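Before any comments, here is the structure.
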Amino acid sequence: KNEVEQSPQNLTAQEGEFITINCSYSVGISALHWLQQHPGGGIVSLFMLSSGKKKHGRLIATINIQEKHSSLHITASHPRDSAVYICAVRDTGNQFYFGTGTSLTVIP
Amino acid sequence: EAGVTQSPTHLIKTRGQQATLRCSPISGHTSVYWYQQALGLGLQFLLWYDEGEERNRGNFPPRFSGRQFPNYSSELNVNALELEDSALYLCASSKGTHGWSQPQHFGDGTRLSIL
C-alpha cells in the first residue's frame, strides 16, 4: 500500500503544451512537497504546500486538503522541463512518504 | 552560498562490510535528512536529525544509523551491508526544527554499490 500515489507514471508532451501531474495521499498531512529530479539524480525542491496554491514562473501547485489531492501544473512546457516530478508528504506523525514519480518528456 | 555536499560520490563495498556516508548542510541549516533511492524504486525516508538529535526514522532496520555533529554535519552508517542496500543515498538540509516546514535542499548523493 502506497501512502502517496501519482499519476500519470509517464508523460510525453509537445513543447508549449499545458501539463498536469496529480498526487493523491491517504494520510493526514502537515506538509506536501513537489520535487524535481533530473537524469543525473540531482533533486530540487519546487514547492512546499500546506494549503491553497503557489506559483513560481510557469509552475503552479495546488492542494485540496479535504480531498487529499495535489496537482502540479506546467504552463508552456519546454524541453528543459523534462525530469521526474515527485510528490512527497509529511504526515502528522513526522513520517515522510514519497510518490514513485512522474517521468516527463517534453519534445521540441 | 555552498550547497549541501555529500561524500564520497561513489562507494563500493562487499556484503557484511560497514559503510559511512557524510553530509555537510548549507550554512545556517540545522535539520539534516537522509533518504534512500534504490534502483527502480522511489525515495524512502531514512533518518531526520535536528540540533544534534535524531527526530525520527523511517522503516529501516537498526543497522542503518547515524548522527549529527555540533557543526550540524551528519554521517550515515550502514552496518552488515546487504546486496539490497545498493542505492543512491541522498542528504538534504533545511532551516528550522519542524521537519519539512521549510524547503529542502538536496545534495548530489552517494552511490553505494554492494558487490
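Remember, it's a predicted structure, so these values are computed and weren't measured experimentally. Lettering follows sequence order; numbering is per chain, from 1.
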Less than 4.5 Å to any heavy atom of chain B: does that hold for the side chain of A:V84, its backbone, both, or neither? neither
Would you compute the distance between atom CG of B:N56 and atom CZ of A:R90 and round it to the nearest 0.5 angstrom? 10.0 Å
Is there a path of hydrophobic side-chain contacts, each under 4.5 Å between heavy atoms of I/L/V/M/F/W/Y residues, joining B:W48 to B:F60? no
With a 4.5 angstrom heavy-atom cut-off, which part of A:L32 approaches chain B: side chain, backbone, both or neither? neither
So with a 6.0 Å cut-off around CZ of A:R58, is the heavy-atom count from everything else above 12? yes
Do you know the tightest heavy-atom contact between A:S45 and B:Q104? CB-O, 3.2 Å
Decide if atom CD of B:E84 counts as having more than 12 heavy atoms of other residues, nucleotides or ligands within a radius under 6.0 Å. yes
What part of B:Q44 gets closer than 4.5 Å to chain A, counting heavy atoms only: side chain, backbone, both or neither? backbone
Is the number of heavy atoms from other residues, nucleotides or ligands under 6.0 Å of B:L83 CG greater than 12? yes
Below 4.5 Å from any heavy atom of chain A, which atoms of B:L41 appear? Answer side chain, backbone, both or neither. neither
If you count heavy atoms of other groups shown closer than 6.0 angstrom to CG of A:D91, is the number above 12? yes
Counting only heavy atoms not in B:N59, do more than 12 fall under 6.0 Å of its CG? no
What pairs with B:R111 under salt bridge (charged side-chain N to carboxylate O under 4.0 Å, His left out), at least two apart in sequence or on another chain? none
Using 0.5 Å steps for rounding, measure from the NE2 atom of A:H33 to the OG atom of B:S94. 8.0 Å
Quick check: is A:L49 connected to A:I19 through a chain of hydrophobic side chains (ILVMFWY, heavy atoms under 4.5 Å apart)? yes
Counting only non-hydrogen atoms closer than 4.5 Å, does A:L46 touch chain B with its backbone (N, CA, C, O), its side chain (CB onward), both, or neither? neither
Distance (rounded to the nearest 0.5 Å) between A:F96 CZ and B:L46 CG: 12.0 Å
Closest non-hydrogen atom pair between A:F98 and B:L43, with its separation: CD1-O, 3.3 Å
Looking at side-chain heavy atoms only, is the closest gap between A:I43 and B:Y35 below 4.5 Å? no
